[in-house]
Protein chains: 2
Amino acid sequence: MAISKKGTSIQQVEPDEKEPTSVAGLVLENRLGYALRRAQLAVFKHFNEAMQEHEIRPAQFSSLVVIEGYPGITQTNLAKVLDIDPPRIVSLINNLEERGLALRVRCKRDKRSHGIFLSKKGEALTEQLKELAEQSDINATQALSEIERRQLLSLLVKIYAADTIEE
Amino acid sequence: MAISKKGTSIQQVEPDEKEPTSVAGLVLENRLGYALRRAQLAVFKHFNEAMQEHEIRPAQFSSLVVIEGYPGITQTNLAKVLDIDPPRIVSLINNLEERGLALRVRCKRDKRSHGIFLSKKGEALTEQLKELAEQSDINATQALSEIERRQLLSLLVKIYAADTIEE
DNA sequence: CGAATATAGTTATAGTTGTTAACTAGATGA
DNA sequence: TCATCTAGTTAACAACTATAACTATATTCG
């Protein structure tokens, strides 16, 4: 295996003088997947800080919002909407139920399935969390104007909506 | 704990008739963090499919590209640039080295640090992968025009660049 | 009817990833 | 020289995701 720099078998080499601190100028700078990942991590970091005192993780927040929007939704449908696997829903709902935020109600027509509802406490918390999330998004994207933020959102939705449909 | 619907203790409830299949209409639709996550997963799915035959994971690809751009970069700097923890770099580089794609060269001035270089094989593969990645990004974002894609990229970079600096 | 098949939810398991703490070798600076 | 710092490493661990298999109900159809 040859070192590419000279093609000779160098044993001791100086590391490059430049000390890059960003991916500026590299192909990575133009890679959508990479940019999405980095931006997502940055935004999630803010989100997690904002939610820390309520001990709410991103997937829990999403679940709360969906249950609020569709009270009585079954676990299977919740899994579909959030595009996560059914086994993950179980522990997610277990946790919300243990904390008194949500509850399963066995459906009398189909006794296999459970409708999921928010408790009063869950509803109140969800309202509060939605505001925190809104604020957290804005904090995480200070570099963007309100118009840019909306533009970004609409572009992102186009991507994942298209991708969800074609499956 | 009361069920919010009526405030009474319902034991058997019909699940909602509607069967939602997307987050359309919910607050989630307007949450930047959620949209970023979903879009990122969609794009990564394409990426992973494209890279499958080469057995290259996203972080490995990113590493190859950065090493190509900064031959002789130290592991510490690579970690900084990619914003990942030093321990992760170790197994990452181990893997690339075992596969003959990259190699560590001990720096003679500071014998603690290693410069990392691509082998000829690594360089050739990286060239190939960059094209695959480019194509994969385009496939994953068929719903976007070329202009929109560039817009999106610039918005994303603004977010994570700002976030990286302030630390 | 009742046997075969399908579905909702669950459990267990394991692979993968990211995080933290602590260690070694070498460098630096008083 | 001694104390402190840094680069890389190792190991332990927590979190997340995916898969397989199990239970209970439901449905289909001969």
Side-chain angles (χ1 to χ4, degrees), chain A residues 12-16 19 37-38 40-42 44-45 47-49 51-52 55-63 72-98 102-116 167, chain B residues 12-16 19 37-38 40-42 44-45 47-49 51-52 55-63 67 72-98 102-116:
Chain A
Q12 307 249 314
V13 178
E14 297 301 300
D16 214 328
E19 294 208 351
R37 179 65 174 159
R38 290 291 297 261
Q40 184 247 306
L41 287 175
F44 267 45
K45 205 177 63 185
F47 179 86
N48 285 325
E49 278 163 18
M51 297 292 166
Q52 197 170 13
E55 295 185 81
I56 289 288
R57 313 272 319 153
Q60 294 174 323
F61 174 74
S62 306
S63 301
I73 189 172
T74 61
Q75 297 185 200
T76 302
N77 276 332
L78 183 57
K80 268 185 209 147
V81 170
L82 294 178
D83 195 29
I84 63 186
D85 296 311
R88 271 198 72 202
I89 297 287
V90 176
S91 55
L92 218 56
I93 303 298
N94 281 348
N95 181 277
L96 295 180
E97 207 170 28
E98 281 158 18
L103 61 160
R104 293 172 168 94
V105 179
R106 177 164 277 233
C107 168
K108 69 181 170 206
R109 263 214 311 245
D110 183 341
K111 276 180 258 173
R112 292 169 305 178
S113 62
H114 301 128
I116 309 172
E167 273 165 46
Chain B
Q12 307 248 317
V13 178
E14 296 301 301
D16 213 329
E19 296 209 351
R37 178 65 175 159
R38 290 291 297 261
Q40 184 247 306
L41 287 175
F44 267 44
K45 207 177 62 186
F47 179 85
N48 285 326
E49 278 164 18
M51 296 293 165
Q52 196 169 14
E55 295 186 81
I56 290 287
R57 313 273 318 153
Q60 295 174 322
F61 174 75
S62 305
S63 301
I67 299 167
I73 189 172
T74 62
Q75 297 185 199
T76 301
N77 276 331
L78 183 57
K80 269 185 208 148
V81 170
L82 294 178
D83 195 29
I84 62 185
D85 297 311
R88 273 199 70 204
I89 297 286
V90 176
S91 55
L92 218 57
I93 303 297
N94 281 348
N95 181 278
L96 296 180
E97 206 170 29
E98 282 159 17
L103 61 161
R104 292 173 168 93
V105 178
R106 178 163 275 236
C107 167
K108 69 181 169 204
R109 264 214 312 243
D110 184 342
K111 275 182 257 174
R112 291 170 307 178
S113 62
H114 300 130
I116 308 173

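Chain naming here is simple, since letters A, B, ... match the order of the sequence lines and numbering starts at 1 in each.
We find that CG of A/L103 is positioned 17 Å from C1' of C/dG9, with the value rounded to whole Å. Note: CG (A/L92) to C1' (C/dT10) measures 14 Å, nearest angstrom. Spacing between atom CD of A/E97 and atom P of C/dG9 amounts to 12 Å, rounded to whole angstrom units. Between the CG atom of A/N77 and the P atom of C/dA8 there is a distance of 8 Å, rounded to whole Å. A/F44 has its CZ atom 14 Å from the P atom of C/dG18, to the nearest Å. As a whole-Å value, the separation of A/Q75 CD from D/dT25 P is 15 Å. Atom CG of B/L78 and atom C1' of D/dG8 are 13 Å apart (whole Å). When the C1' atom of C/dT19 is taken as reference, atom CG of A/N48 falls 14 Å away, rounded to whole Å.
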>> I'd like to compare against my own output: the B/S/- annotation of nucleotides 11-22 of chain D with a strict under-4.0 Å heavy-atom distance to protein.
In response: -----SSSBB--
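Annotation: the span from B/S91 atom OG to B/Q60 atom CD amounts to 9.0 Å, rounded to 0.5 Å. In this structure, A/I89 CD1 and A/L96 CG are separated by 10.0 Å, a value rounded to the nearest 0.5 Å.
Here B/R104 pairs with B/Q75, B/N94, B/E97 under the side chain to side chain donor-acceptor pair (under 3.5 Å) rule; sequence neighbours left out. Every salt bridge (charged side-chain N to carboxylate O under 4.0 Å, His left out) that A/R112 has, sequence neighbours left out, goes to A/D110. By the side-chain contact (heavy atoms from CB on, under 4.5 Å) test, B/L41 pairs with B/R37, sequence neighbours left out. Every residue was checked against the side chain to side chain donor-acceptor pair (under 3.5 Å) condition with B/D85, not counting sequence neighbours, and none meets it.
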All N/O pairs under 3.5 Å across the protein-nucleotides 24-26 of chain C interface:
residue : atom : partner : partner atom : Å
C/dG26  : N2   : B/R112  : NH1          : 2.9

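No side-chain heavy atom of B/S113 sits under 4.5 Å from any side-chain heavy atom of B/T76.
Summarising the geometry of B/I73 relative to B/L78, their closest heavy-atom pair is CD1-N, 3.7 Å, with the distance given to 0.1 Å. Listed here is the closest heavy atom pair of A/R57 and A/N48: NH1-OD1, 4.0 Å.
Contact check, B/T76 against D/dT6: no side-chain N or O comes under 4.0 Å of OP1 or OP2.
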